[in-house]
Amino acid sequence: EKKDDEAAAEWFLKAWKLGNSLAPMECIHAYARIGTDEACEKVFALVEEYLEVLKKRGQWTTYDSFKMEKELLNLCGDLCYQQGKKYEAYQWYRRNSYKDEYAVTRQAEMHYEGDGIQKDRAEAYRLYAQLVKESRSANAAYQCGKMCLFGDGVAKDPAKAFYWFSRQRNKRGWLLT
C-alpha cells in the first residue's frame, strides 16, 4: 500500500539519520515504491546523498558498495524511464559502470531505437559488442549478429553475423545457436 510505503520511508529516513547502516537502501526503495513524482525526486536526492556518504567514508571501493551503486543508479534510471523522462534515464544508466550489463544494455537499446536520445545504431552496435566482450552477453551477441546480417547501423556482413551468432552462449557456456 502507498500509505504504508510513505510511513516506512519516513521511518527508514529517521533511522538513516540516526546512523542505522541498513536504513538508506530500505528508505530509498520505500520512496521508489510510492511512485509519485515527488517521491521519485526524493529518491534521486537520497541516492546522490548516499553515494556521496559512501565516497566520504572511504567505503566506495568495497564490493558491497559497488553493488549498491549499480543497483541505485539503475533504479534511478528505471524510475526516470517509467516517468517518460528518457534522456534523464539515459544519463543515470551512463553513470553506471561499463561493467554493468543491465545499464549498458539499456543504453544500447535506447541508442538503437532513438528512445529519448538521438538514434545511433553504430553506437548501439559498439555497446552491444562491448557487452559480448566484457559480459559474454548472449543477447548482445544476437543483436550484433542481427545488425551485421541485415546491415543495420553497420556494413552488411554475413560472415561477421555468423561470428556474432556463434558467440551466443548462456551463463553455463552452452552454445545457443
Side-chain angles (χ1 to χ4, degrees), residues 1-17 20-55 60 63-132 134-135 137-144 146-147 152-153 170-171:
E1 293 292 319
K2 184 178 170 183
K3 191 171 187 170
D4 293 339
D5 286 328
E6 289 172 354
E10 291 303 316
W11 279 105
F12 284 124
L13 184 59
K14 289 176 186 176
W16 177 355
K17 299 306 177 188
N20 183 303
S21 63
L22 300 176
M25 292 294 282
E26 295 295 337
C27 177
I28 289 166
H29 283 284
Y31 276 112
R33 284 190 302 271
I34 294 169
T36 64
D37 288 349
E38 184 179 305
C40 289
E41 291 302 320
K42 185 79 169 174
V43 168
F44 305 146
L46 291 172
V47 166
E48 294 289 8
E49 180 182 339
Y50 188 49
L51 294 177
E52 192 60 36
V53 166
L54 289 176
K55 283 181 186 177
W60 194 247
Y63 179 70
D64 286 340
S65 64
F66 176 72
K67 280 179 30 181
M68 283 188 284
E69 177 192 21
K70 286 177 19 170
E71 179 185 336
L72 292 172
L73 292 174
N74 287 337
L75 172 69
C76 290
D78 290 346
L79 286 173
C80 285
Y81 195 89
Q82 291 164 5
Q83 292 180 318
K85 299 175 183 175
K86 309 270 178 88
Y87 182 75
E88 290 86 350
Y90 179 79
Q91 295 302 321
W92 283 103
Y93 295 133
R94 263 191 82 134
R95 285 181 57 187
N96 218 329
S97 165
Y98 269 82
K99 299 290 184 191
D100 183 61
E101 186 174 345
Y102 179 80
V104 178
T105 299
R106 295 295 296 184
Q107 291 173 59
E109 291 168 347
M110 292 174 85
H111 275 291
Y112 186 85
E113 296 295 333
D115 194 9
I117 58 173
Q118 185 174 350
K119 185 184 284 190
D120 185 348
R121 298 239 164 124
E123 177 64 6
Y125 178 83
R126 187 190 71 74
L127 289 168
Y128 283 131
Q130 181 178 333
L131 278 172
V132 175
E134 293 178 357
S135 303
S137 168
N139 175 57
Y142 172 78
Q143 295 300 332
C144 286
K146 186 176 77 170
M147 291 173 82
D152 190 7
N170 68 9
K171 297 293 182 191

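For the pair D152 and R121, the tightest heavy-atom approach, listed with the atom from each and the gap, is OD1-NH1, 2.7 Å. The two residues R33 and D5 have their closest heavy-atom pair at NE-OD1, 3.0 Å. Nearest heavy-atom pair across A108 and A124 is O-CB, 3.4 Å. Residues A23 and W16 come closest through the heavy atom pair CB-N, 3.5 Å. Nearest heavy atoms, V43 versus A32: CG2-N, 3.5 Å. In this structure, A89 and Y81 approach most closely via the heavy-atom pair CB-N, 3.6 Å.
Taken from CE in M25 to CG in L75, the straight-line distance is 8.0 Å, to the nearest 0.5 Å. Rounding to the nearest 0.5 Å places CD of Q143 at 7.0 Å from OH of Y112. Here the CD atom belonging to E41 is positioned 10.0 Å from the CG atom belonging to L79, to the nearest 0.5 angstrom. Note that the CZ atom of R95 and the CG atom of L73 stand 5.5 Å from one another [nearest 0.5 Å]. The structure places CZ of R126 at 10.0 Å from CG of L131, a figure rounded to the nearest 0.5 Å. Atom NZ of K85 and atom CG of D37 lie 5.5 Å apart (nearest 0.5 Å).
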Run Y50 and E69 through side chain to side chain contact (heavy atoms under 4.5 Å, CB included) and show every step you take. CA-CA 9 Å; Y50 188 49; E69 177 192 21; over 6 Å; no
The test is salt bridge (charged side-chain N to carboxylate O under 4.0 Å, His left out); show your working for K17 and E49 and say whether it passes. CA-CA 12 Å; K17 299 306 177 188; E49 180 182 339; 2.6 Å; yes
Working note: Y93 + D100, criterion side-chain hydrogen bond (donor to acceptor under 3.5 Å, both in side chains); need CA distance, chi angles, decisive distance, verdict. CA-CA 9 Å; Y93 295 133; D100 183 61; over 6 Å; no
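Under the side-chain hydrogen bond (donor to acceptor under 3.5 Å, both in side chains) criterion, E109 pairs with no residue at all, not counting sequence neighbours. Judged as a side-chain hydrogen bond (donor to acceptor under 3.5 Å, both in side chains), and not counting sequence neighbours, N139 has no contacts. Listed by chain and residue number, nothing satisfies the salt bridge (Lys or Arg N to Asp or Glu O under 4.0 Å) test with K14 (two or more places apart in sequence, or in another chain). Applying the side-chain hydrogen bond (donor to acceptor under 3.5 Å, both in side chains) rule to E113 yields no partners; only residues at least two apart in sequence or on another chain are considered. Taking K86 as the reference, D115 meet the salt bridge (Lys or Arg N to Asp or Glu O under 4.0 Å) condition, with sequence neighbours excluded. Listed by chain and number, the residues in a ring pair (Phe, Tyr, Trp, His ring centres under 6.0 Å) with F12 amount to none (sequence neighbours excluded).
The existence of a salt bridge linking E88 and R94 is excluded, since no basic side-chain nitrogen approaches an acidic carboxylate oxygen closer than 4.0 Å.
A heavy-atom distance below 4.5 Å is not found between the side chains of Y87 and Q118. Put simply, the side chain of V47 reaches to within 4.5 Å of the side chain of W92, judged on heavy atoms. Counting only heavy atoms from C-beta outward, the side chains of C27 and W11 never approach each other to under 4.5 Å. L13 is listed as a side-chain neighbour of K42, based on a closest heavy-atom distance under 4.5 Å.
Atom OH of Y102 sits in a crowded spot, with more than 12 heavy atoms from other residues, nucleotides or ligands closer than 6.0 Å.
Here the two rings, on Y125 and H111, have centers that are 6.0 Å apart or farther.
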